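What follows is a set of notes on a single structure, which appears directly below.
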Amino acid sequence: MSLDLILPDSLVKAFKTARHVTVFTGAGVSAESGVPTFRDAHTGLWARFEPTALATPEAFEADPALVWGWYEWRRSRVMRAAPNPAHEAIVRLARHVPAISVVTQNVDDLHERAGSRSVAHLHGRLMQPRCFACGTPWRYPDGMPNEPEDGRRVTPPECPECAGPIRPGVVWFGEPLPADEWLRALGAAAGCDLFITVGTSAMVYPAAELPRIAAGQGARVLQINPQATALDSLADWNLVGAAGVVLPALIGAVFDDASPTTG
Ligand code: BV8
Ligand code: ZN
């Protein structure tokens with residue numbers, strides 16, 4: 001579906017004069033790929049659990065099969081998904097600006113599958129599991145996990161080094177962010193002159209600090225989200241709509257670089 005966007009001149013100018021653009025994404029950017037947003041991911045077996053309660057080391061210790069099952073269900077959805085026009089538009093944007101940084105809260109690999117390079121994953125990567133006890137990296141067997149629609153408990157595999165349980169390569173609540181990725185994200189927020197926040201409710205910290213750090217450093221802030229968020233008042237521009245529709249139309253309109261889907 002193509003969208004004829006009426007863009008404020010100030011926004012077009014901000015894009016055309018940008019030296020360094022930082023794109024900050026959340027679950028909403030993967031929603032149109034069929035990957036449930038964090039709030040939508042607790043259906044079926046997990047419906048009676050708060051996602052912020054499930055995504056904790058305590059929940060994994062209390063019931064490893066429940067939590068591992070949840071992540072196998074989410075991994076099966078991510079592996080069946082494909083990047084959408086929002087992911088692709090971010091790749092195209094990189095061609096039109098001197099410098100771009102992509103910082104995501106998403107644990108899926110759709111930015112990379114679309115072609116984005118050196119994406120900072122603040123909350124880890126679903127595809128990089130490791131041992132809960134000794135930290136030894138582990139590799140999933142090839143092939144798609146075949147998880148029932150409503151999910152099921154799955155006993156975590158055993159670590160070949162210490163026989164401890166394998167855990168998903170994500171950052172759980174109460175756990176620190178990976179220092180190198182966080183430092184890269186801080187640099188991207190502090191060093192950009194245009195900060196684009198796409199598809200995030202900006203409720204989880206310290207990630208949600210990044211838009212404020214960017215604005216505090218004088219960057220202009222563009223928000224793309226179909227719903228209101230805590231960033232509405234911080235943003236210089238709020239484009240209300242789905243990322244997979246608004247982003248390609250925006251890049252098409254500003255840089256006359258229409259994607260195959262908006263031609
Ligand atoms: C830590 C990985 C310390 C796992 C995730 C300050 C204040 C208050 C609380 C805290 C604070 N500092 C720390 C905390 C505690 C906590 C926190 O923030 N709690 C919240 C709930 C208040 N933070 C932590 O625990 C962090 N760690 O602080 O450690 C420490 C330091 C040193 C030593 C020891 C400890 C770790 C946080 C990371 C948790 N892991 N993910 C997993 O995925 O299972 S967070 C997870 O939830 C996601 O990664 C993401 O960050 C968040 C979900 O948010 P969104 O991505 O925005 O998704 P959501 O569903 O909320 O919204 C979707 C949005 O998209 C909506 O706005 C919707 O309108 C929009 N949308 C929908 N469709 C579309 C769309 N937009 C565009 N297009 C569409 N089509
Ligand atoms: Zn181990």
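Quick caveat: nothing in here was measured; it's all calculated off a predicted structure. First listed ligand is number 1; within each ligand, the first listed atom is number 1.
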Take the Zn ion (ligand 2) as the vertex and measure to SG of Cys159 and SG of Cys134; round to 10°.
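My answer is 110°, to the nearest 10°.
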Taking distance alone, with no angle check, do [X] and ligand 1 share an N/O pair under 3.5 Å?
{"X": "Thr229", "answer": "no"}
{"X": "Val204", "answer": "no"}
{"X": "Trp70", "answer": "no"}
{"X": "Val29", "answer": "no"}
{"X": "Gly241", "answer": "no"}
{"X": "Glu32", "answer": "yes"}

Out of [options], whose heavy atom is nearest to [atom]?
{"atom": "atom 30 (C) of ligand 1", "options": "Ala31, Ala228, Pro176, Gly26", "value": "Pro176"}
{"atom": "atom 54 (O) of ligand 1", "options": "Gly174, Ala179, Gly169, Ser201", "value": "Ser201"}
{"atom": "atom 79 (C) of ligand 1", "options": "Gly124, Gly28, Pro36", "value": "Gly28"}
{"atom": "atom 45 (S) of ligand 1", "options": "His123, Arg125, Glu50", "value": "His123"}
{"atom": "atom 77 (C) of ligand 1", "options": "Ala243, Ala55, Gly244, Ala208", "value": "Ala243"}
{"atom": "atom 44 (O) of ligand 1", "options": "Phe24, Trp172, Tyr71, Tyr205", "value": "Tyr71"}
{"atom": "atom 57 (O) of ligand 1", "options": "Leu126, Thr200, Asn225, Leu54", "value": "Thr200"}

CA sep, side-chain torsions, deciding dist, call: Arg184, Glu181, salt bridge (charged side-chain N to carboxylate O under 4.0 Å, His left out)
CA-CA 5 Å; Arg184 271 204 298 138; Glu181 316 251 3; 3.5 Å; yes
Is the charged tip of Arg167 near the ring of Phe60: under 6.0 Å from the six-membered ring centre and within 45° of its axis?
no
Roughly how far, to the nearest 0.5 Å, is the [atom2] atom of [Y] from the [atom1] atom of [X]?
{"X": "Gln223", "Y": "Leu231", "atom1": "CD", "atom2": "CG", "result": "5.0 Å"}
{"X": "Ile224", "Y": "Thr229", "atom1": "CD1", "atom2": "OG1", "result": "12.0 Å"}
{"X": "His111", "Y": "Ser118", "atom1": "NE2", "atom2": "OG", "result": "12.0 Å"}

Can you tell me if His87 uses its side chain to pair, donor with acceptor, with the backbone of Leu110 under 3.5 Å?
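Answer holds: no.
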Under 3.5 Å, side chain of Trp70 to main-chain N/O of Leu54, donor-acceptor pair present?
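Not at all, since once roles are kept as given, no pair shorter than 3.5 Å links the two residues.
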Atoms of ligand 1 less than 4.0 Å from Met203 heavy atoms?
20 (C), 22 (C)
Please identify which atoms of ligand 1 are closer than 4.0 Å to at least one heavy atom of Gln227.
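Answer, ordered by atom number: 69 (O).
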Do the side chains of Ile166 and Trp68 get nearer than 4.5 Å, heavy atoms only?
yes
With a heavy-atom distance limit of 4.0 Å, tell me whether Arg74 approaches ligand 1 through its side chain, its backbone, both, or neither.
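Within the 4.0 Å criterion, Arg74 contacts ligand 1 through side-chain atoms alone.
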Examine the proximity of ligand 1 to Gln105 and report which part, side chain or backbone, both or neither, has a heavy atom under 4.0 Å away.
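Both backbone and side chain of Gln105 come within 4.0 Å of ligand 1.
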May I ask you to check whether over 12 heavy atoms, not counting those of Asp180, lie within 6.0 Å of atom CG?
yes
Give the minimum heavy-atom separation between Asp193 and His20, together with the two atoms involved.
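Scanning both residues, the minimum pair turns out to be OD1-O, 2.8 Å.
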Please tell me whether Met127 and Leu122 are part of a single hydrophobic cluster in this structure, the criterion being side-chain heavy atoms less than 4.5 Å apart.
no
